[in-house]
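This report concerns only the one structure given below.
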Amino acid sequence: MTLTSKILDANINQGCLRIAFATSDLQTINAHFGWASCFLVYDLSKTGFFKVGKVEFSDRINDKECNPENKHFEKINALQTCHIIYSQSIGGPAAARLTQQKIHPLVVKNSPPITKILNDLKQVLNGALPPWVRRLVHMDDPMRFEGY
């Protein structure tokens, strides 16, 4: 897949987590990370969430993708400002590459609505943070969760 459209605010609002959702219907998390042609991107804070962009990829497979080293390079590069990426499934190599980029891959089943996940995460941010969220909040990158 190659990047075909990226409408994304590069600046993350202070105190926000940036979250991408693999989706084919723009409402639910219903796509495999590697095959997803669309990701909706939201910024989430303790007080709410808002859409900050959309990243789209072609369905066309090119020669570059045949090489396992480069298979997800464009996708991960296009989503590099995200803290979390939700998908219906993800392969081990892609998950490892996201983790290396300090992006937390999460898998959900049964195609939940994106807004439900965002509301659930907002509640998590307003309570005692689980260890995986605490790690995201306190990463060394100064752009990540400033002000917490």
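- Put simply, the side chain of F33 reaches to within 4.5 Å of the side chain of K75, judged on heavy atoms.
- Taking CD of Q27 as the reference point, atom CD1 of I114 lies at 8.0 Å (rounded to 0.5 Å).
- Not counting sequence neighbours, the partners of K54 by the salt bridge (Lys or Arg N to Asp or Glu O under 4.0 Å) test are E56.
- For N110, there are no side-chain hydrogen bond (donor to acceptor under 3.5 Å, both in side chains) partners two or more places apart in sequence or in a different chain.
- Judged by the 6.0 Å distance and 45° axis criteria, K122 is not positioned over the aromatic ring of F49.
- Y42 is not listed as a side-chain neighbour of L17, based on a closest heavy-atom distance of 4.5 Å or more.
- Counting only residues at least two apart or on different chains, no salt bridge (charged side-chain N to carboxylate O under 4.0 Å, His left out) pair has a member in residues 32-42.
- Every residue was checked against the salt bridge (Lys or Arg N to Asp or Glu O under 4.0 Å) condition with K6, not counting sequence neighbours, and none meets it.
- Without hydrogens or angle criteria, S89 side chain to H32 main chain gives no donor-acceptor distance under 3.5 Å.
- Counting only distance, with no hydrogens or angles, the side chain of N126 and the backbone of K46 share a donor-acceptor pair below 3.5 Å.
- V41 has its side chain out of reach of K51: every pair of non-hydrogen atoms, C-beta onward, lies at least 4.5 Å apart.
- Distance alone, capped at 3.5 Å, is enough to place a donor-acceptor pair between the N119 side chain and the T115 backbone.
- Taking both residues in full, the closest heavy atoms of I103 and C82 are given as CG1-O, 3.3 Å, listed atom of the first, atom of the second, then distance.
- Using a 4.5 Å heavy-atom cutoff, the side chains of Q101 and I76 are in contact.
- For the side-chain contact (heavy atoms from CB on, under 4.5 Å) with R18, the lone residue among L79, L44, T81 that qualifies is T81.
- The structure places CD1 of I19 at 9.5 Å from CD1 of I29, a figure rounded to the nearest 0.5 Å.
- Of all non-hydrogen atoms in A22 and A36, the two that sit nearest each other are CB-CB, 3.8 Å.
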For side-chain hydrogen bond (donor to acceptor under 3.5 Å, both in side chains), just list the numbers for S45 and D43, CA-CA rounded to whole Å, side-chain angles, deciding distance to a tenth of an Å, and then say yes or no. CA-CA 7 Å; S45 71; D43 279 357; over 6 Å; no
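- For the atom pair CG (D25) and SG (C38), the distance works out to 9.5 Å, reported to the nearest 0.5 Å.
- Considering only residues two or more places apart in sequence or on other chains, S24 meets the side-chain hydrogen bond (donor to acceptor under 3.5 Å, both in side chains) condition with N30.
- Heavy-atom minimum distance, S58 versus T4: N-CG2, 3.4 Å.
- Using a 4.5 Å heavy-atom cutoff, the side chains of F39 and I85 are in contact.
- The shortest side-chain heavy-atom distance between F57 and T2 does not fall under the 4.5 Å cut-off.
- Applying the ring-ring contact (aromatic ring centres under 6.0 Å, His included) test to residues at least two apart or on different chains, the pairs with a partner in residues 86-130 are F21-Y86, H104-W132.
- Rounding to the nearest 0.5 angstrom, the gap separating the CG atom in L98 from the CG atom in L106 is 10.5 Å.
- Taking all atoms of both residues into account, the shortest heavy-atom contact from V124 to L129 is O-CD2, 3.5 Å.
- Minimum interatomic distance between Q88 and K109 (heavy atoms only, all atoms of both residues): O-NZ, 3.3 Å.
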